[in-house]
Amino acid sequence: MGTDRFEAHDYYLMDEFLSDEQIMIRSAAREWLKQEVSPIIEEYYEKGEFPNQIVPGLGAIGAFGPYIPEEYGGAGLDQISYGLLMQELERCDSGVRSTASVQSSLVMYPIWKYGTEEQRQKYLPKLASGEWLGCFGLTEPDYGSNPSGMITNFSDQGDHYLLNGAKMWISNAPFAQVAVVWAKDESGRIHGLIVERGMEGFSTPEMHGKHSLRASSTGELIFDNVKIPKENLLPGKSGLGAPMSCLDSARYGIAWGAIGAALDCYDSALRYSKERIQFDKPIGGFQLIQKKLAEMITEITKAQLLTYRLGVLRNEGRATTAQISMAKRNNVEMAVNIARESRQIHGAMGITNEYPCMRHMANLESVITYEGTHDIHLLITGADVTGIPAFK
Ligand code: TGC
Ligand code: FAD
């Protein structure tokens, strides 16, 4: 990829809703990404590796635990700042945003919300700085959309628990120092356990062959009679609602992140349409190209409005799971469509690593599936408006 020429687009002057602090946080993240991540992201995407060297920088811009209180090393920011950070990260690459989402909402959040004070003190500062990376194990080979069916289980052995089972499709599993794992007790109730790398019987093989989210590492978590100290259970909440509340926070971040990917695709297409000459004029002068661009910025603007309002509701503690599902579903589909249109505007160049659209397009195929598939989110909205769940 050449120099990162990204310029933000704010068609409805949404920045007027933002505080100076929020704009500053976003600018700092944007500049750091342009300098440190954009120049290397295509190379790592092609290699199929996460660029581990960016982890301290992610910690420094506040991407790990943006809304976790400062006393635990977090940035103590509001939900809109958190969203803006996710937007900037995904503007660069969904895999980079994924790492921050998992760390913040799926690892730090449950430890902060449901952990003991000792657990908070032990893990949160190291996770906030990036000294440690974490992962979140909910999905299993036979239980994806239906996590309540999970098989992974633990039994009480008096002075410790014994954990058995396997998780699959786990972001950052191959190198995470710590995993928040959801497993059933002997009565079938779901609990969160903190599992650390190095515990006997715990392995994390990497999964290969992804055509999407290639700059993020994905793996399995395998538990073969792993002894878990009793103090590693998250005592604050049990049942499926515990992991689901973490997903609310991560899905909210994805709603913002998808706008970032869409903005990058739009920005690149707009610039290309003014520079590329065919039939003696810039292709941006043809009505069919203008239709694509006009529809892109319209959809981005609608998503920005939806998501900003959701952020206000999150700040007030009023956003519902179903509202979050609506935004995740709408924005990811919007971004997928824009990535595809952007790729077409770039013609053959659109399939190369000179431009970001094909990488975003492929990444978004993961984003539309993880954290609840597109159709599961539709069913969440359906259940909310009718009062009749149609999952089973
Ligand atoms: P259901 O009967 O609806 O609910 C069971 C219990 O859970 C409670 N609950 C929630 N509580 C808090 N917040 C939420 N968002 C909640 N959603 C549900 C619910 O109240 C109930 O509690 P109780 O006390 O009455 O028992 O559950 P169900 O089994 O019918 O499933 C519903 C369904 C399908 C909507 C849900 O399970 C679902 O969303 N499935 C999708 C699974 C998913 O999103 N997995 C994501 C894995 S993590 C991931 O993908 C990370 S990607 C990382 C990256 O960014 O790289
Ligand atoms: P399935 O549940 O098997 O679904 C297959 C199809 O059936 C989908 O189209 C789905 O919409 C449809 N379907 C399922 N149930 C219904 C229904 N009731 N009604 C109608 N249609 C239905 N998980 C983690 O726990 N931690 C992670 O860090 C993590 N990272 C991931 C990273 C990547 C790159 C990917 C791709 C996935 C990751 N996941 C992670 C897993 C992800 O959450 C699951 O893939 C997702 O929840 C869907 O589960 P599944 O793939 O088993 O699909």
Is the backbone N or O of [Y] less than 3.5 Å from a side-chain atom of [X], with the two atoms forming a donor-acceptor pair by type?
{"X": "T386", "Y": "G382", "value": "yes"}
{"X": "E299", "Y": "M296", "value": "no"}
{"X": "S104", "Y": "A63", "value": "yes"}

Can you see which heavy atom on [X] is nearest to which on [Y], and at what distance?
{"X": "P205", "Y": "I222", "value": "CG-CD1, 3.7 Å"}
{"X": "F154", "Y": "A183", "value": "CE2-O, 3.6 Å"}
{"X": "S273", "Y": "L293", "value": "OG-CD1, 3.5 Å"}
{"X": "P110", "Y": "S105", "value": "CD-O, 3.6 Å"}
{"X": "V181", "Y": "K167", "value": "CG1-CE, 4.2 Å"}
{"X": "N52", "Y": "P56", "value": "O-CD, 4.2 Å"}

Between [X] and [Y], is any pair of side-chain heavy atoms under 4.5 Å apart?
{"X": "I228", "Y": "H160", "value": "no"}
{"X": "L58", "Y": "W32", "value": "yes"}
{"X": "I289", "Y": "I345", "value": "yes"}
{"X": "L163", "Y": "F202", "value": "no"}
{"X": "P147", "Y": "W182", "value": "no"}
{"X": "P356", "Y": "S268", "value": "yes"}
{"X": "D93", "Y": "V37", "value": "no"}
{"X": "L89", "Y": "I61", "value": "yes"}

Atom pair [atom1] ([X]) and [atom2] ([Y]), whose distance is rounded to the nearest 0.5 Å:
{"X": "I190", "Y": "M150", "atom1": "CD1", "atom2": "CE", "result": "4.0 Å"}
{"X": "K210", "Y": "N363", "atom1": "NZ", "atom2": "CG", "result": "9.0 Å"}
{"X": "S94", "Y": "I254", "atom1": "OG", "atom2": "CD1", "result": "9.0 Å"}
{"X": "T301", "Y": "M334", "atom1": "OG1", "atom2": "CE", "result": "9.5 Å"}
{"X": "E231", "Y": "L233", "atom1": "CD", "atom2": "CG", "result": "10.5 Å"}
{"X": "K302", "Y": "I297", "atom1": "NZ", "atom2": "CD1", "result": "12.0 Å"}

Check for me, please, whether [X] and [Y] land in the same ILVMFWY cluster - side-chain distances under 4.5 Å, paths through other members count.
{"X": "L133", "Y": "V178", "result": "yes"}
{"X": "L313", "Y": "I259", "result": "no"}
{"X": "L247", "Y": "Y114", "result": "yes"}

Side chains of [X] and [Y] only: does a donor on one sit below 3.5 Å from an acceptor on the other?
{"X": "D375", "Y": "T373", "answer": "no"}
{"X": "N146", "Y": "S148", "answer": "yes"}
{"X": "Q103", "Y": "Y109", "answer": "no"}
{"X": "R97", "Y": "S101", "answer": "yes"}
{"X": "S155", "Y": "Q157", "answer": "yes"}
{"X": "N225", "Y": "N164", "answer": "yes"}
{"X": "Y252", "Y": "T307", "answer": "no"}
{"X": "T381", "Y": "R329", "answer": "no"}
{"X": "S98", "Y": "Y370", "answer": "yes"}
{"X": "N172", "Y": "S217", "answer": "no"}
{"X": "Y67", "Y": "S249", "answer": "yes"}
{"X": "Q177", "Y": "Y123", "answer": "no"}

NZ/NE/NH1/NH2 to OD/OE distance under 4.0 Å, [X] and [Y]:
{"X": "E42", "Y": "R359", "result": "yes"}
{"X": "E275", "Y": "R271", "result": "no"}
{"X": "E7", "Y": "R30", "result": "no"}
{"X": "E31", "Y": "K34", "result": "no"}
{"X": "K230", "Y": "D159", "result": "no"}
{"X": "K291", "Y": "E295", "result": "yes"}
{"X": "D78", "Y": "R314", "result": "no"}

Can you tell me if [X] has over 12 outside heavy atoms packed within less than 6.0 Å of its [atom1]?
{"X": "Q287", "atom1": "CD", "value": "no"}
{"X": "L13", "atom1": "CG", "value": "yes"}
{"X": "W112", "atom1": "CH2", "value": "yes"}
{"X": "E117", "atom1": "CD", "value": "yes"}
{"X": "K227", "atom1": "NZ", "value": "no"}
{"X": "L305", "atom1": "CG", "value": "yes"}
{"X": "F286", "atom1": "CZ", "value": "yes"}
{"X": "M326", "atom1": "CE", "value": "no"}

Plane angle bin for H9 and Y266 - parallel if under 30°, tilted between 30 and 60°, otherwise perpendicular: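 Answer is perpendicular, since the angle exceeds 60°.
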Face-on cation placement of R214 at Y44 ring, 6.0 Å and 45° thresholds: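 No - R214 does not lie over the ring of Y44 by the 6.0 Å and 45° rule.
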Ring centres under 6.0 angstrom apart (Y272, Y355):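 Between Y272 and Y355, the centre distance is under 6.0 Å.
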For I41, the option from V96, N353, I54 that meets side-chain contact (heavy atoms from CB on, under 4.5 Å):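 One option only clears the test, and that one is V96.
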Test side chain to side chain contact (heavy atoms under 4.5 Å, CB included) applied to E333 and N337, step by step: CA-CA 6 Å; E333 182 177 42; N337 292 339; 3.8 Å; yes
